[in-house]
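See structure below.
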Amino acid sequence: MTKAQGGFRGWTAGRKGVLSRLRFTSLRLRLVVVFGLVALTAAVSASGIAYWLNREAVLTRAQDAALRDFKQEMQNRASALPVHPTQDELQRTAGQMAGSSQRFSVLLVGQDAAGRTVYGTSGGLSGFALEDVPLSLRAAVDKRQPVGDGNKSAYHLYWQRIVEHGTPYLVAGTKVIGGGPTGYMLKSLEPEAKDLNSLAWSLGIATGLALIGSALLAQAAATTVLKPVHRLGVAARRLGEGRLDTRLRVSGTDELADLSRTFNNAAEALEKRVADMAARDEASRRFVADMSHELRTPLTAITAVTEVLEEELDSEAGSMDPMIEPAVRLVVSETRRLNDLVENLMEVTRFDAGTARLVLDDVDLADQITACIDARAWLDAVELDAERGIHARLDPRRLDVILANLIGNALKHGGSPVRVSVRVAGEEGSQIVIAVRDHGPGIPEDVLPHVFDRFYKASASRPRSEGSGLGLSIALENAHIHGGEITAANSADGGAVFTLRLPRDAAKLTEPADETGPAAGAGAGAGEGDRDGSGGRGDDKGKA
């Protein structure tokens with residue numbers, strides 16, 4: 001990878017990190033957005049109100065001044081004209097009226113003595129003409145109002161704002177009271193519009209600054225508020241990872257400080273509870289281990305005696321009293337079962353204590369399975385579908401324990417024939433899959449989730465069974481220590497299927513020195529005529 005590619009990937013990773021912290025579900029981002037929206041709403045509302053008030057004030061002031069001057073000029077100059085003025089008189093008077101301080105254009109409309117309509121204009125603003133006056137305004141100016149107590153004048157001053165070519169104007173008109181010309185005024189409002197545009201830009205800039213300031217304030221507030229929350233999240237993650245001594249620094253008397261104190265109290269109680277449970281669990285494991293070791297010495301002596309009794313039973317002399325022969329056989333059977341149970345308990349304590357290790361070797365799976373079946377005299381009852389030459393680096397003894405439990409379980413509680421198949425799976429053949437299938441009635445659906453549980457009994461009415469109830473759990477632990485897994489299911493064609501998945505090259509660990517004796521667990525029992533080869537499934541399926 002080139003330096004440029006590495007830099008680009010680093011930039012991409014950093015950008016993704018920033019985006020992940022600013023995701024739309026982030027409380028920090030939501031606080032900033034809410035603050036921004038509130039500030040934007042307040043700023044826009046304030047700016048809008050300020051602009052509207054200033055606009056009305058500016059326009060009203062300019063409008064009132066122009067209308068007042070126009071009305072004054074109409075009273076002083078236009079009313080001095082004759083009833084039938086000439087065009088020159090109108091023109092001269094319009095020019096005089098336009099000389100007002102408001103600088104507006106004037107149009108005077110009258111009738112001369114011959115009854116013709118004559119016009120006089122100040123000539124400003126590209127020639128103010130009658131066509132520039134809206135029809136509605138002309139109609140309102142020419143309309144005669146009834147004179148009464150509430151209205152002392154027949155004609156009034158009317159005005160209207162218009163926009164021509166993007167420039168705003170004020171247009172007003174009125175008639176001379178008592179007869180005379182009609183006057184119209186046109187004043188440009190462009191200076192006021194420029195002032196209002198400047199005001200709008202100023203308010204817009206103020207709104208933007210307010211938005212930026214609110215975002216900075218929101219960021220500061222979010223940092224202040226969320227920093228304790230972030231510390232609480234980090235502490236919770238550390239607590240979830242098993243670091244039970246995690247505590248938060250408490251400062252202040254606010255709600256976040258109360259939350260930190262509550263977290264510390266909960267963490268302290270959890271640490272104490274876990275410590276108590278760990279101590280009890282350790283004491284329980286030590287008790288089981290000590291009990292198993294203590295039982296081995298008397299069991300060794302008892303086993304020797306039962307072997308002598310068994311030889312006596314199998315001898316041709318027949319010297320044993322027929323009355324006690326059933327009792328002797330029961331003692332021999334139960335002694336074997338007790339011996340298997342002690343071996344299983346010792347194996348379980350090794351797994352619980354974490355002292356179980358692998359002793360790896362290169363294994364031909366077909367040869368290993370054949371040896372397991374042959375050692376237990378199962379050749380006539382088991383069909384093997386495995387090609388020779390499939391090798392894996394596994395622990396042969398633990399693989400034998402797994403196979404003995406699964407095959408023995410199928411023989412005892414399934415239906416013949418039992419079929420064992422081996423295949424290679426995974427990428428580049430990195431995994432081996434061993435399936436053990438029987439042709440029995442299968443496993444009840446309510447039992448399937450518990451077949452690997454220790455001492456699980458499918459039926460509460462059968463507390464005693466031939467197996468110890470530990471075989472399948474030991475097989476599963478042996479699969480786990482290889483980095484594999486065992487699953488149980490029912491075949492669509494009937495019968496149960498146990499599937500073992502193991503890596504072809506297990507992790508290299510060292511087997512503890514105290515496990516160099518006979519094969520532990522269910523494998524030992526299975527090697528002696530399948531007394532416990534079924535593991536826990538004999539109890540799990542609830543069969544005799």
Side-chain angles (χ1 to χ4, degrees), residues 56-195:
E56 289 301 315
V58 169
L59 292 179
T60 300
R61 184 169 59 250
Q63 172 183 295
D64 290 348
L67 294 177
R68 184 171 55 252
D69 281 9
F70 176 66
K71 184 176 182 181
Q72 187 69 31
E73 292 293 329
M74 287 292 294
Q75 290 176 353
N76 294 338
R77 298 185 184 275
S79 61
L81 290 171
V83 177
H84 300 288
T86 64
Q87 185 174 1
D88 292 338
E89 291 175 334
L90 292 178
Q91 190 77 23
R92 183 174 59 254
T93 303
Q96 293 172 350
M97 293 175 63
S100 170
S101 61
Q102 294 298 316
R103 311 300 299 174
F104 45 69
S105 299
V106 177
L107 171 66
L108 296 177
V109 181
Q111 287 186 338
D112 59 10
R116 293 177 301 176
T117 301
V118 291
Y119 302 92
T121 178
S122 61
L125 296 176
S126 301
F128 181 32
L130 189 61
E131 290 76 11
D132 297 327
V133 181
L135 291 175
S136 58
L137 180 63
R138 280 187 270 169
V141 170
D142 293 336
K143 184 177 181 181
R144 182 181 182 86
Q145 302 291 336
V147 178
D149 294 337
N151 182 28
K152 297 181 179 180
S153 177
Y155 298 99
H156 296 276
L157 175 66
Y158 294 93
W159 58 270
Q160 185 175 345
R161 295 173 190 163
I162 62 174
V163 177
E164 291 289 342
H165 306 292
T167 303
Y169 293 95
L170 174 67
V171 182
T174 187
K175 280 183 174 293
V176 174
I177 305 301
T182 301
Y184 293 98
M185 178 269 291
L186 179 68
K187 177 178 175 55
S188 173
L189 298 177
E190 186 174 6
E192 287 76 12
K194 289 181 178 180
D195 293 340

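In this text the structure is predicted, and so the values were computed from the model without any measurement. Numbering of residues begins at 1 and proceeds along the displayed sequence. No hydrogens, no waters, no symmetry mates; every other heavy atom, side chains included, goes into these values.
- Here Arg68 does not pair with Asp64 in a salt bridge; the nearest charged N to carboxylate O distance is not below 4.0 Å.
- Arg138 places a side-chain N or O within donor-acceptor distance of the main-chain N or O of Val133, the cut-off being under 3.5 Å.
- Between Glu89 and Leu108, every side-chain heavy-atom pair lies at or beyond the 4.5 Å cut-off.
- When every heavy atom of Ala172 is checked against every heavy atom of Leu157, the shortest pair comes out as CB-CD1, 4.2 Å.
- Within the 4.5 Å cutoff, the side chain of Leu186 has no heavy atoms near those of the Leu107 side chain.
- Taking both residues in full, the closest heavy atoms of Thr167 and Ser188 are given as CG2-OG, 3.9 Å, listed atom of the first, atom of the second, then distance.
- Expressed to the nearest 0.5 Å, how far NZ of Lys175 lies from CZ of Arg144 amounts to 10.0 Å.
- Among Arg77, Met74, Gln75, the single residue meeting the side chain to side chain contact (heavy atoms under 4.5 Å, CB included) criterion with Val176 is Met74.
- Ser122 places a side-chain N or O within donor-acceptor distance of the main-chain N or O of Val106, the cut-off being under 3.5 Å.
- Within the 4.5 Å cutoff, the side chain of Gln145 has no heavy atoms near those of the Tyr155 side chain.
- One distance of note links CZ of Phe128 with OG1 of Thr121; it measures 7.0 Å at 0.5 Å rounding.
- Heavy-atom minimum distance, Gln160 versus Ser136: OE1-OG, 3.4 Å.
- Looking at Val118 and Thr86, their side chains never come closer than 4.5 Å, going by heavy atoms from C-beta outward.
- For the atom pair Asp195 CG and Glu190 CD, the distance stands at 11.0 Å (nearest 0.5 Å).
- Asn76 CG to Thr93 OG1: the interatomic distance, rounded to the nearest 0.5 Å, is 12.0 Å.
- Rounding to the nearest 0.5 angstrom, the gap separating the CZ atom in Phe104 from the CG atom in Leu170 is 10.0 Å.
- The neighbour count for Arg103 CZ, taken as heavy atoms of other residues, nucleotides or ligands under 6.0 Å away, does not exceed 12.
- Taking CZ of Arg116 as the reference point, atom CD of Gln87 lies at 9.0 Å (rounded to 0.5 Å).
- In this structure, Asp132 and Tyr169 have side chains that are not in contact, with every pair of non-hydrogen atoms separated by 4.5 Å or more.
- Closest approach of Pro134 to Val171, counting heavy atoms only: CD-CG1, 4.2 Å.
- Side-chain contact between Met185 and Trp159: absent, with no pair of heavy atoms (C-beta onward) separated by less than 4.5 Å.
- Closest approach of Gln91 to Gly120, counting heavy atoms only: OE1-CA, 3.5 Å.
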